[in-house]
Protein chains: 4
Amino acid sequence: MTQSAVNGTSSINSVEDEFRFSTDLSLEDIRSDQHKFCEERNWLQHHPPRNVLLAMVGEVGELSELFQWRGEVTRGLPEFTSPEKVRVGEELSDVLIYLVDLAEQCHIDLPTAVRDKMKKNALKYPVQRVSGKTDKYSSYPESKQETSDVGDIQREREEADGSE
Amino acid sequence: MTQSAVNGTSSINSVEDEFRFSTDLSLEDIRSDQHKFCEERNWLQHHPPRNVLLAMVGEVGELSELFQWRGEVTRGLPEFTSPEKVRVGEELSDVLIYLVDLAEQCHIDLPTAVRDKMKKNALKYPVQRVSGKTDKYSSYPESKQETSDVGDIQREREEADGSE
Amino acid sequence: MTQSAVNGTSSINSVEDEFRFSTDLSLEDIRSDQHKFCEERNWLQHHPPRNVLLAMVGEVGELSELFQWRGEVTRGLPEFTSPEKVRVGEELSDVLIYLVDLAEQCHIDLPTAVRDKMKKNALKYPVQRVSGKTDKYSSYPESKQETSDVGDIQREREEADGSE
Amino acid sequence: MTQSAVNGTSSINSVEDEFRFSTDLSLEDIRSDQHKFCEERNWLQHHPPRNVLLAMVGEVGELSELFQWRGEVTRGLPEFTSPEKVRVGEELSDVLIYLVDLAEQCHIDLPTAVRDKMKKNALKYPVQRVSGKTDKYSSYPESKQETSDVGDIQREREEADGSE
């Protein structure tokens with residue numbers, strides 16, 4: 001990762017909220033590049049869905065290792081050296097590459113799925129309903145008994161635990 | 001997720017290799033939408049890096065649950081019903097949204113990082129070196145002793161286990 | 001890991017179902033050994049709950065990497081070489097050590113919690129109710145509409161998705 | 001989980017370091033109970049290694065969800081309500097149950113593997129070598145150039161990145 005990848009445009013915009021990605025790389029760009037990469041190496045045969053899923057879990061583990069002994073870290077990672085930030089960028093990329101690969105192996109149209117999910121999230125958490133409330137971030141079953149309108153989704157979730 | 005999200009363009013292209021995403025949604029599109037979504041709800045305060053990382057791990061868990069009792073599944077997920085495929089698309093989306101969110105919180109320029117990582121991968125696994133070899137996918141420490149040129153990276157990896 | 005760790009007592013018992021662990025190592029044995037290990041190295045200061053949780057996620061990733069390119073594997077891992085099985089044992093151990101460490105950091109009495117959870121599971125899935133049914137392993141929201149008595153837990157779970 | 005599971009013996013010992021598990025539940029106890037649980041329900045057929053591994057990843061995700069929006073949490077989880085601590089105990093238990101189940105499916109003698117791994121860790125990090133050093137917890141490739149004796153394992157690890 002080049003230095004620009006670490007800093008992004010944050011050096012230009014001093015306001016944190018204005019951090020943005022410097023280019024418009026699309027999910028389809030990533031998919032086609034990764035597909036070509038695997039095809040050229042005759043590796044597609046090794047990429048059935050569950051293999052790629054486990055590879056992604058492996059990369060999530062490597063990403064987690066970069067954060068594991070640090071305690072809380074600050075936005076922008078000022079606690080990280082420049083090479084450490086490069087490592088974070090590499091592991092984020094590995095997770096993303098396998099995620100896109102997995103979508104391809106599942107024949108899931110990821111861009112449409114993301115758009116649909118973001119619309120669904122917007123409907124689930126209407127601004128006027130959650131604004132100024134931290135319910136989503138703080139509520140648990142027992143505290144739900146005191147909440148009224150927002151807590152229902154979380155409460156259902158807590159009640160519904162179908163795992164062994 | 002609409003039906004088109006599940007099928008993508010696969011109905012148009014019968015050749016599996018020709019599956020592709022139907023639109024060109026960029027990482028920056030996702031970042032800006034998610035940023036706006038959180039900002040409107042006053043949720044950015046809850047999104048320091050390690051919070052978002054753990055949220056992503058949670059979504060990876062939900063994705064894994066959709067694959068856990070199935071044994072091996074086939075490319076294109078013919079074993080899944082249409083609503084089940086929608087669920088896979090939703091969980092893939094959740095992982096992606098938090099991944100992009102995490103990159104923003106870390107001030108990592110994800111598109112550049114992905115480009116850089118793919119170049120690095122191409123250099124690490126030159127086509128002429130790995131073509132027709134399954135080394136990356138099969139080799140382990142003891143089998144490395146028989147391999148020659150390709151196995152070094154994996155061998156180093158096996159030898160280097162810095163974890164407790 | 002010694003050879004006996006790989007084979008366990010399976011060489012004595014030819015029936016797969018009779019595989020069992022060769023010794024009675026307790027969770028408290030692991031906890032006290034790991035506590036002593038960290039204390040002697042002055043490492044307890046680095047083990048607040050979320051640090052240890054992320055370390056465990058890292059180890060789950062390393063474990064997953066051992067299974068990622070293999071397609072389906074068979075009980076007893078006949079596809080693995082002996083050193084590969086040792087690696088699996090080591091990664092399983094790493095996950096377990098951090099899991100026990102995490103329970104300690106959370107002041108959770110893990111043995112009692114496990115006993116309680118297994119009782120809860122037995123109540124949730126009564127033998128007479130689930131015997132011969134694969135509902136837990138096969139049912140999803142839409143197929144739930146056809147099931148009657150067993151599917152309710154899973155259905156609730158599917159309906160309750162409180163994530164963004 | 002009963003109240004005692006949440007508090008463990010910590011109410012008896014005021015010194016944090018003296019927290020310990022209240023009973024001596026062994027890994028073999030958990031294995032045999034889980035085996036019997038699955039056998040009675042005719043579920044063993046659904047538990048080949050990779051299925052159980054993905055189920056464990058799912059439970060790690062559920063555990064992570066309990067910690068995701070909290071920022072740093074304190075040893076003993078004073079920020080959690082009593083029911084929230086019960087939830088943590090349940091998810092820790094779910095991870096542990098599937099971990100033991102996975103070891104059984106792999107025919108890995110987990111108690112021996114753990115003992116072996118802890119011995120290996122003790123050799124890798126000798127007390128006299130690491131005492132007072134935070135190398136394991138702080139060093140990264142670039143800072144390794146200044147360290148001398150302890151950093152080699154970590155450095156090798158950083159250099160050896162065999163992933164795509």
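Here the structure is a predicted model, which means the values were calculated and not measured. Within every chain, numbering begins at 1; the chains are lettered A, B, ... in the order of the sequence lines, protein sequences first and strands thereafter.
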Chemist: Checking heavy atoms, do the side chain of C/Leu53, its backbone, both or neither come under 4.5 Å from chain D?
Modeler: side chain
Chemist: Taking every heavy-atom pair that is under 4.5 Å apart, which of D/Leu25, D/Thr23, D/Val95 has the most such pairs with chain C?
Modeler: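 The answer is D/Leu25.
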Chemist: Tell me, please, whether D/Phe80 has D/Arg70 positioned over its six-membered ring: NZ or CZ under 6.0 Å from the ring centre and within 45 degrees of its axis?
Modeler: yes
Chemist: Between C/Ser32 and chain D, with a heavy-atom cut-off of 4.5 Å, which part of the residue counts as in contact: side chain, backbone, both or neither?
Modeler: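 Answer is neither: C/Ser32 stays 4.5 Å or more from chain D.
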Chemist: How would you list, by chain and number, every residue that makes a salt bridge (Lys or Arg N to Asp or Glu O under 4.0 Å) with C/Glu72, sequence neighbours excluded?
Modeler: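 Counting only residues at least two positions away or on another chain, C/Glu72 forms a salt bridge (Lys or Arg N to Asp or Glu O under 4.0 Å) with A/Arg50, D/Arg50.
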Chemist: Heavy-atom pairs under 4.5 Å with chain C - which of D/Ala122, D/Pro78, D/Pro126 has more of them than the others?
Modeler: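 Option with the greatest count: D/Ala122.
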Chemist: Roughly how far, to the nearest 0.5 Å, is CG of C/Asp24 from CG of D/Asp24?
Modeler: 10.0 Å
Chemist: How would you list, by chain and number, every residue that makes a salt bridge (Lys or Arg N to Asp or Glu O under 4.0 Å) with D/Asp29, sequence neighbours excluded?
Modeler: none
Chemist: What orientation do C/Tyr98 and C/His47 show, parallel under 30°, tilted 30 to 60°, or perpendicular over 60°?
Modeler: tilted
Chemist: Name the member of C/Val100, C/Leu102, C/Leu96 that forms the most heavy-atom pairs with chain D at distances under 4.5 Å.
Modeler: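 Looking at each of C/Val100, C/Leu102, C/Leu96 in turn, C/Leu96 comes out on top.
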